[in-house]
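Only one structure is covered here, and it is reproduced in the block below.
Position 1 is the first residue of the sequence, and the numbers go up from there. All figures in this text were calculated on a predicted structure; none of them were measured in a lab. Every heavy atom of this structure was used, including side-chain atoms; hydrogens, water molecules and symmetry mates were not.
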Amino acid sequence: LGLTVASALIVTLTFWIFSRAFELDFFEKAFIFPIVVALEAPVNELSFRGQLVSIFLMGVLMFLLYTPLWTEKIELKV
C-alpha cells in the first residue's frame, strides 16, 4: 500500500512540476494530463519506481532551467 501511494504521489508531483515549469493553463493541463497518465501507466504496472523518480527529477531540472531565479532584469552597459 505504501509503495502504491508513493508511486501516485510521484506521478502527481511530476505532472505538477512540468505544469509549473512550462506555465500551462487549464486547457493545456486538461489536454496533456491523459497523455502523461497513458505514458506512465506501464511504468506504474511494472513497479519500476526508479524510472518514475528520474522522470520527476527531469521535471525539476526543466523547472529550474525555464524559471528565472531572479526577478530583476540585468542590464548590460556597453
Side-chain angles (χ1 to χ4, degrees):
L1 180 66
L3 289 177
T4 304
V5 172
S7 176
L9 184 64
I10 289 174
V11 170
T12 305
L13 286 175
T14 300
F15 181 72
W16 181 79
I17 199 78
F18 273 108
S19 68
R20 295 283 299 196
F22 297 113
E23 298 175 355
L24 302 176
D25 63 357
F26 177 75
F27 294 107
E28 291 170 336
K29 289 178 189 177
F31 179 73
I32 292 175
F33 181 72
I35 297 170
V36 170
V37 170
L39 290 174
E40 291 187 356
V43 178
N44 285 333
E45 291 173 7
L46 295 175
S47 300
F48 190 51
R49 305 294 187 283
Q51 190 172 359
L52 288 174
V53 172
S54 67
I55 294 171
F56 170 70
L57 292 176
M58 186 179 69
V60 171
L61 178 65
M62 291 296 158
F63 179 74
L64 292 175
L65 290 176
Y66 286 103
T67 305
L69 298 177
W70 55 85
T71 56
E72 298 178 12
K73 293 184 179 179
I74 298 174
E75 295 181 14
L76 297 175
K77 295 182 180 180
V78 180

*Residue pair Gly59 / Phe18: nearest heavy atoms and the distance that separates them*: CA-CZ, 3.5 Å
_Once ring-ring contact (aromatic ring centres under 6.0 Å, His included) is applied, what residue pairs with a partner in residues 23-46 remain, sequence neighbours excluded?_
Phe15-Phe33
*What distance separates Leu13 CG from Leu9 CG, expressed to the nearest 0.5 Å?*
4.5 Å
*asked:* Give me each pair satisfying side chain to side chain donor-acceptor pair (under 3.5 Å) with a member in residues 7-33, each pair once, sequence neighbours excluded.
replied: Ser7-Asn44
*Is the OH atom of Tyr66 crowded by more than 12 outside heavy atoms at less than 6.0 Å?*
no
*asked:* How close do Ile10 and Leu52 get, counting heavy atoms only, and between which atoms?
replied: CG2-O, 3.6 Å
_Step-by-step side chain to side chain contact (heavy atoms under 4.5 Å, CB included) determination, Ile35 to Leu39_ = CA-CA 6 Å; Ile35 297 170; Leu39 290 174; 4.1 Å; yes
